[in-house]
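A, B, ... follow the sequence lines: proteins, then strands. Residue 1 opens every chain.
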Amino acid sequence: MILAVPPALGADSSFTPDPTRRQELIRMVRQDCGSCHGLTLKGGLGPALLPDALRDKDRNGLVFSILQGRPGTAMPPWQNFLSRREAEWIVDQLRLGFPDER
Amino acid sequence: MNAKMNAKWIAPLVLLLAGCAAWQPRGTGDLGLVVERAAGRVMVVETSGHSKLGEVTGLGDLSHASVVYSRDQRYAFVFGRDGGLTKVDLLAQRIDRRIVQAGNSIGGAISEDGRLVAVANYEPGGVKVFDSATLELVADIPSEYAPGRRAKVVGLEDAGGRRFAFSLFEAGEIWLADLGAEASPRLQKFKNIGQEPYDALVTRDGRYYLAGLFGEDGLALLDLWHPERGVRRILPGYGRGQEKLPVYKMPHLEGWAQAGNLAYLPAVGRHEVLVVDTRTWRETGRIPVRGQPVFVMAEPGGRRVWVNFALPDNGAVQVIDTETLQVIQTLHPGRAVLHMEFTPRGEAVWISCRDDNRVAVYDTATLRELARLPAASPSGIFFTARAHGIGF
């Protein structure tokens with residue numbers, strides 16, 4: 001059986017933030033997300049965000065969690081700070097091993 | 001025999017004398033550490049001339065790092081996120097000892113007598129207690145609240161004597177551990193204290209342990225003079241059923257703000273500081289502020305309360321006058337203000353501005369900037385005066 005892949009599931013791998021925004025996003029993930037998930041993303045009050053921890057998780061679900069938050073947990077929605085494409089880029093980078101700040 | 005003695009002793013003696021010539025005796029009462037969290041480094045600073053004296057590296061992952069001090073104010077115990085516990089010698093500006101005691105940690109406390117240092121751990125969940133001189137393990141207290149389930153431990157505080165109080169995030173419990181008999185601590189457990197305690201504090205007189213709740217509006221209060229009376233809930237439903245705003249940074253309770261009979265607390269998910277009468281533990285008012293408060297800290301004299309905020313208002317600091325309960329000034333010390341620390345008597349406050357890579361020093365009387373110190377992504381600032389404060 002072949003399942004059709006909805007467009008949203010297809011990774012828009014062509015999107016890369018411009019260098020300034022890229023640094024801002026890296027800093028945001030390391031520093032602001034890091035206050036709950038740890039600077040090294042090994043986890044804290046929030047779960048680990050290392051590649052091993054995310055490997056089996058649905059990409060869209062992760063993007064949704066970032067943008068909308070997770071009700072019933074401490075995870076807030078970040079949609080006022082991030083576009084959808086930026087959230088997707090973050091998820092893809094997290095799954096590859098997130099870059100360090102310069 | 002004599003010749004042998006000489007050979008053995010002369011070299012160290014020469015080194016010792018050389019060292020003495022270069023090293024001026026110095027007190028430590030005006031010293032402190034600034035955590036440069038991304039660099040795994042702490043700056044050693046002094047508050048008399050607002051300057052950096054040196055730095056100590058190799059402390060691991062310092063996100064959310066905090067510090068307690070030995071009673072002689074010479075040694076800092078730095079609790080890292082990665083389970084590292086580092087004893088830093090402020091005078092020698094070097095690591096005295098360092099251990100990695102867990103996988104993921106959140107802070108710690110030192111006992112009244114200064115002999116025990118306890119660390120709160122997320123992974124594996126529990127509290128470990130160490131000898132402050134040697135960092136040898138004294139006691140291990142797993143936070144197992146149900147068979148096979150260990151909670152993340154938060155809000156670990158010194159509770160008088162050789163006791164420590166702490167809260168279990170997932171379990172909604174407060175535990176009081178008495179290390180009178182070191183190897184087998186006596187545990188007193190308080191259950192159903194509220195949903196998801198996220199941090200706690202001990203009042204300046206050491207009497208009350210107060211845990212903030214994330215999962216519901218309210219706080220849990222334990223009278224450490226009378227633990228047999230149990231934990232009671234205060235400020236229940238302070239949000240009055242309103243939708244909570246998203247919380248982009250958990251508030252902190254350690255910077256206990258108490259002035260006279262009033263205490264000032266950050267409201268979770270609201271742009272408010274709650275004012276509580278500590279004689280009755282009832283709310284007496286609330287002060288609208290610019291954003292979601294993270295630290296709410298009173299000057300040592302209690303005249304003003306300083307507040308910083310979560311995203312997106314983390315570039316501002318507001319100053320509240322405790323006589324009028326009004327915001328009297330909004331300051332913009334720099335981008336991403338993470339922490340504030342008052343000098344021992346409060347004539348100045350140091351403010352870390354993470355995204356501007358500096359620490360700003362403000363005069364608390366004039367509310368003007370006095371000095372700036374470059375620092376790499378500074379977070380926590382901890383002065384040695386904490387050594388002699390209960391709950392620090």
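- In terms of heavy-atom pairs under 4.5 Å with chain B, the best-connected choice from A:G43, A:P76, A:G69, A:C36 is A:P76.
- In this structure, a donor-acceptor pair under 3.5 Å is absent between the side chains of A:T40 and B:R81.
- For B:Y248 (side chain) and A:C33 (main-chain N/O), no donor-acceptor pair under 3.5 Å exists by modelled atom type.
- For A:F81, the CZ atom counts as densely surrounded, since its 6.0 Å shell holds more than 12 non-hydrogen atoms of other residues, nucleotides or ligands.
- Counting heavy atoms of neighbouring residues, nucleotides and ligands inside a 6.0 Å radius, atom CZ of A:R22 does not exceed 12 of them.
- The contact between B:A38 and chain A is made by backbone and side chain atoms together, counting heavy-atom distances below 4.5 Å.
- B:R149 CZ: 12 or fewer foreign heavy atoms inside a 6.0 Å radius.
- Chosen from A:G38, A:P77, A:S35, A:G34, the residue pairing most often with chain B at heavy-atom distances under 4.5 Å is A:P77.
- Here the straight-line distance linking atom CG of A:L39 with atom NE2 of B:H64 works out to 11.0 Å at 0.5 Å rounding.
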side-chain contact (heavy atoms from CB on, under 4.5 Å) between B:R354 and A:R27: does it pass, once the steps are laid out? CA-CA 11 Å; B:R354 184 194 71 201; A:R27 189 171 185 84; 3.9 Å; yes
Are B:E196 and A:L45 close enough, and set up right, to give a side-chain contact (heavy atoms from CB on, under 4.5 Å), and what steps lead you there? CA-CA 11 Å; B:E196 295 176 328; A:L45 208 54; over 6 Å; no
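- Here B:D355 is the residue among B:D355, B:V247, B:V154, B:L311 with the most heavy-atom pairs under 4.5 Å with chain A.
- The candidate from B:P312, B:G103, B:S379 with the greatest count of non-hydrogen atom pairs under 4.5 Å with chain A is B:P312.
- Contact of B:F214 with chain A is made through the side chain alone, with heavy-atom distances under 4.5 Å.
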